[in-house]
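Each residue takes its place number in the sequence, starting with 1. Computation of the quantities below employed the complete heavy-atom set of this structure, encompassing side-chain atoms and omitting hydrogens, waters and symmetry-equivalent molecules.
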Amino acid sequence: MEEAQEVQHSPETCFTIHMGDPQEVHLSKIANGVKETHFLEDNSFHGPMNESTMSRKRMYYRWFRIAIHSALVLVCGSAALLLGRLYYEKGGKSKWMGTLVQLGGFPILLPYYFISAPKNLATNNSIHPNQPSASMLAFVYVSIGLLLALGCYLYSVGLWYLPVSTYSLICSSQLAFNAFFSYFLNSLKFTPYIVNSLVLLTISSTLLVFQNESSDDSQSSQISKKKYVIGFICTVAASAGYGLWLSLTQLVFKKVIKKETFKVVMDMMIYTFLVGTCAIIVGLFASGEWKGLKNEMNEYETGKASYVLNLTFTAILWQLFTIGCLGLIREVSSLFCNAITVLRVPLVPMLAVIIFHDKMHGIKVISMMLAIWGIISYLYQQYIDDTKSKTINTSHDPKASASVDGVHK
């Protein structure tokens, strides 16, 4: 006698078991299995599509952030550099004051820092439970802060002795120094395009050693050979320090702090700038230059108000420039940040010719062309790397990914 039992689960899994008919049970299971398989496939089909769309949106948003940071580096860095040279052109004489405005403007960022930082505290601690000790962080901030102060002073000396166009071209050597330090500190791999870029930038800066100083005037005075050599050496040394600073900052983010959030970046900037500013103030008073600041302001060619505005806006622009640099280090690398920084090479000399009437002789033109070529070579390598990463991310089989997602669901 055949008995039938009906088992109710859900509308999707409802089936009837006929105890006396094994074939019907088997067919029912097969049909139910096929239906369940199609259900999983339908659900998992939308997973990779959604992930691909989200990945594309994240990529676009990332490149938008990179564009904003690059604009800060190019525009604010160029404007701050020109204002710094204008300070010396119109009667400024204090090298320590020219150094102080590069770092001393950080307090203007404190309100933004305290308003925005608490929002990220819980997330930061949950993602990275192993935090560096306070003594380690203090050592990092003090070391990098002193390095920044020294580099800024050397930049100030170089800008004092050199025309801004020559100064800017020499600064392009910082990309070569950054690559050298990144090779040892950040495991940078040298490709033919990067090597080509570094060689061209090195030659570009070296050519300026043979610049004829007698025909290279700024608007204010003739530059003697001795002062030119001092300015050249100080600018090269400052470029090396800047390249080391970028590489060390990237190393600290990855190996010591192990996170790159807004709060971490702001901490790095504010504490190192505080240390650097304190060191510069000590240098300002120890050198005795502070005694002549009042007379310097009174004798400034365009007046006291112009003197104050020049120093104020220079300080603000350098802070915006630094935010752009740290943002590029977070998003890409210190070497990419340096490549964007040296994009000012063709921009600043042309503006210097218009504003300060710097002369562009044959060696300077060749140096600028080589620098531009080297920068393009490096940026092309960045394009190749980005294209390869996209290919790797899209090379996975969507069906395989869908089946795995379906199983986990």
J.: Does some side-chain heavy atom of L83 sit less than 4.5 Å from a side-chain heavy atom of L311?
T.: no
J.: Minimum heavy-atom separation for T277 to F106, with atom names?
T.: OG1-CE2, 3.5 Å
J.: Taking atom CE of M136 as the centre, does the number of heavy atoms from other residues, nucleotides or ligands within less than 6.0 Å exceed 12?
T.: no
J.: Report the distance from atom NZ of K263 to atom CD1 of I257, rounding to the nearest 0.5 Å.
T.: 9.5 Å
J.: Under 3.5 Å, is there a donor on one side chain and an acceptor on the other for Y87 and E296?
T.: yes
J.: Hey, what do you get for NZ (K189) to OH (Y183), rounding to the nearest 0.5 Å?
T.: 11.5 Å
J.: Answer yes or no for R65 and Y61: cation-pi contact, defined as NZ/CZ to six-membered ring centre under 6.0 Å and angle to ring axis within 45°.
T.: yes
J.: Rounded at 0.5 Å granularity, tell me how far SG in C234 sits from OH in Y155.
T.: 12.0 Å
J.: Check for a donor-acceptor pair, side chain of S168 on one end and backbone N or O of V164 on the other, with a separation under 3.5 Å.
T.: no
J.: Are the side chain of Q250 and the backbone of L246 linked by a donor-acceptor contact shorter than 3.5 Å?
T.: no
J.: Going from CG on L198 to CD1 on I203, what distance comes out if it is rounded to the nearest 0.5 angstrom?
T.: 11.0 Å
J.: Can you check side-chain contact (heavy atoms from CB on, under 4.5 Å) on L370 and W373, steps first, answer last?
T.: CA-CA 5 Å; L370 290 175; W373 186 5; 4.2 Å; yes
J.: Do the side chains of W160 and K227 get nearer than 4.5 Å, heavy atoms only?
T.: no
J.: Search all heavy atoms of P163 against all heavy atoms of K364 and return the closest pair with its distance.
T.: CB-NZ, 4.4 Å
J.: Rounded to the nearest 0.5 Å, how far does CG of L317 lie from CG of L72?
T.: 10.0 Å
J.: Side chains of S143 and L147, heavy atoms from C-beta outward: is any pair under 4.5 Å?
T.: no
J.: What's the shortest heavy-atom distance between G243 and N178, and which atoms?
T.: O-ND2, 3.1 Å
J.: Name the residue from T322, V142, L148, D267 that meets the side-chain contact (heavy atoms from CB on, under 4.5 Å) definition with T272.
T.: L148
J.: Testing the basics here: between V195 and F190, what is the closest heavy-atom pair and its distance to 0.1 Å?
T.: CG2-CB, 3.9 Å
J.: Does the side-chain contact (heavy atoms from CB on, under 4.5 Å) test come out yes or no for M268 and V140, once each step is laid out?
T.: CA-CA 9 Å; M268 172 65 71; V140 168; 4.3 Å; yes
J.: Which heavy atom in I384 sits nearest to a heavy atom in Y193, and how many Å separate them?
T.: CD1-CE1, 3.6 Å
J.: Take Y88 and S156 through the side-chain hydrogen bond (donor to acceptor under 3.5 Å, both in side chains) test and state the conclusion after the steps.
T.: CA-CA 10 Å; Y88 292 125; S156 182; 2.7 Å; yes
J.: Between Y161 and T166, is there a side-chain heavy-atom distance shorter than 4.5 Å?
T.: no
J.: Less than 4.5 Å apart, side chain to side chain, heavy atoms only: is that true for R85 and I355?
T.: no
J.: Can you tell me if S367 uses its side chain to pair, donor with acceptor, with the backbone of I363 under 3.5 Å?
T.: no
J.: I want to check something: taking the side chain as every heavy atom from C-beta on, are C325 and F321 in contact at a cut-off of under 4.5 Å?
T.: yes
J.: For a 4.5 angstrom cut-off between non-hydrogen side-chain atoms, does I280 reach Y153?
T.: no
J.: Roughly how far, to the nearest 0.5 Å, is the CD1 atom of I170 from the CD1 atom of I233?
T.: 10.5 Å
J.: Side chains of K90 and S306: is there a donor and an acceptor less than 3.5 Å apart?
T.: no
J.: So with a 6.0 Å cut-off around OH of Y300, is the heavy-atom count from everything else above 12?
T.: yes
J.: With side-chain contact (heavy atoms from CB on, under 4.5 Å) as the test, would you mind laying out the steps for E289 and M97 before giving the verdict?
T.: CA-CA 8 Å; E289 287 188 1; M97 180 56 68; 5.8 Å; no
J.: Write down the atom of V73, the atom of G324, and the distance for their closest heavy-atom approach.
T.: CG2-C, 3.5 Å
J.: Pair T235, L154 - check side-chain contact (heavy atoms from CB on, under 4.5 Å), show working.
T.: CA-CA 6 Å; T235 306; L154 292 174; over 6 Å; no
J.: Given 3.5 Å as the limit, does a donor-acceptor pair link the side chain of S247 with the main chain of L244, or not?
T.: no
J.: Is there a donor-acceptor pair closer than 3.5 Å between any side-chain N or O of Q174 and the backbone N or O of Y242?
T.: no
J.: Aromatic contact between W63 and Y60, with the criterion being ring centroids under 6.0 Å apart: yes or no?
T.: no
J.: With side chains defined as the heavy atoms from C-beta onward, is the minimum distance between F181 and L251 less than 4.5 Å?
T.: no
